[in-house]
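Here's the structure, in structure tokens; my notes come after.
Along the sequence shown, residues are numbered consecutively beginning with 1. Remember, it's 1-based here, ligands and their atoms both numbered in the order they're listed.
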Amino acid sequence: MIATSKQLFERAQRSIPGGVNSPVRAFKSVGGTPVFMKRAKGAYLYDADDNAYIDYIASWGPMILGHAYEPVVEAIREYAAYSTSFGAPTELEIEMAELIISMAPNMDLIRMVSSGTEACMSAVRLARGYTGRNKIIKFEGNYHGHADSFLVKAGSGVATFNIQTVPGVTAGVANDTLNAPYNNLEAVKQLVAENKGEVAAIIIEPVAGNMGCILPAPGFLEGLRKVCDEENIVFIFDEVMTGFRLGAGGAQEKLSIDADLVTYGKVIGAGMPVGAFGGRKEIMQHIAPLGNVYQAGTLSGNPIAMIAGFTLLKELKNNPGIYDELAAKTKYLGDGMEAHLKSKGTPYRINRLGSMISVHYADHDIVDFDSASKANIPLFNKLFHHMLDNGVYLPPSAYESWFLNNALSYADLDKTIEVFASFEHA
Ligand code: HOZ
């Protein structure tokens, strides 16, 4: 029973657009009433009616060690008493920057912001300011937040709601955003040739998580790196999802590719509103006040956000075995679901890397936005409701990656596989 959620959703729609503060949460594509959450602990979410759910979204990524992780909660409690914001520099910001630099490859300087959107938007402005060029190349179905430049053929909610053109994004801005299919190096080379000397940056999710989970094909990222080197294009890794999740050094380390600029969000804030962008000094020194590329924020480096993120990142740095544990759990879940799908003869593809995974009902490989869109999405929507009704919370869209957290026990995974196996899959 989700009676209270139903009441809350009705009430929410009277004061909040669509009843939610971020569109995918409205369950519009999967149908039904969004479940309103009251609390969470470890791997479990508890809704307004006190129903428990095994959580596979981890707040869309941040809660990598589970919800209400005690050291983070304690640190927030302690620091909240000192003030929730100073609007002046703190030693904590230096400690956070030093910690990130010690974990992430190719990171000389890092600037803290308040969201992944802000991080990507600022990184692109910096790349433009640094190169003196206007255009960027992004990939269909990648999502870099909701800044105007990125809302062209974007993934996540834009794909979920099949929004072809976002009103409010001017043609001028849209024309500076060039799109290529993910995993298609030739298409990128063609765009670069057609726009010779005009492309400031290539921005990519090194492992895509906003059209389900999609892995880069062998040689794809290496090829992009080469194109960027040859054409003096800034290579931006959007590690909002993969940063500190695929490993302490994120996708750069996991896939052995160097980026020029990297953007972060989600895990870096342990559930607080935090983002960051950073990279090589040669580029980062153009940011104000060192340079003239302006970027600022009243709540940037907010002390509560900093202590939450610092506490979590330190834990991840000191216990690298966490990543092996997460990957083993994700494999166990994937293998369990796969064994069942095989026995049923249902066409499927399961994509996964580290603690990111997604299930697609398809008899073709899911390598880009087009192939993801051609999967049986109505069947995924039914699966979503079957899992939800049986206490498992998946992302309410086929276009989102699932994120595992390390509080999940093998008993939780077994229960999940059991619920998955009781679905018709047809
Ligand atoms: N765009 C986010 C996932 N890719 C969803 C954010 C949210 O609804 O919280």
Show me the side-chain donor-acceptor pairs of residues 144-156 shorter than 3.5 Å, one per line, residues at least two apart or across chains.
{"residue": "H144", "atom": "ND1", "partner": "D238", "partner atom": "OD2", "Å": "2.7"}
{"residue": "S156", "atom": "OG", "partner": "E400", "partner atom": "OE2", "Å": "2.7"}

Checklist line | Protein contact to atom 2 (C) of ligand 1 [nearest heavy atom, distance to 0.1 Å] | finding: S156 OG, 3.8 Å
Next item on the list: Considering heavy atoms of the protein only, find what lies nearest to atom 6 (C) of ligand 1 and give residue, atom and distance to 0.1 Å.
Entry: S22 OG, 3.6 Å
Note to self: When you compare the side chain of F139 with that of N184, does any pair of heavy atoms fall below 4.5 Å?
What the structure shows: no
Item checked: Minimum side-chain heavy-atom gap H340-H425 below 4.5 Å -> yes
Next item on the list: Determine whether the side chain, the backbone, both or neither of N210 has a heavy atom under 4.0 Å from any heavy atom of ligand 1.
Entry: side chain
Notebook entry, point to check: Is ligand 1 under 4.0 Å from a heavy atom in the side chain of H146, in the backbone, in both, or in neither?
Noted result: neither
Under 4.0 Å to a heavy atom of [X] - the qualifying atoms of ligand 1, by number:
| X | answer |
| --- | --- |
| R25 | 7 (C), 8 (O), 9 (O) |
| M241 | 4 (N) |
| E400 | 3 (C), 4 (N) |

Check: Could you state the interatomic distance from CD (Q190) to CG (N195), rounded to the nearest 0.5 Å?
Finding: 10.5 Å
Next item on the list: Nearest 0.5 Å please: distance from the CD atom of E205 over to the CG atom of N210.
Entry: 4.5 Å
Next item on the list: Could you tell me how the ring of F27 sits relative to the ring of H385: parallel (under 30°), tilted (30 to 60°) or perpendicular (over 60°)?
Entry: perpendicular
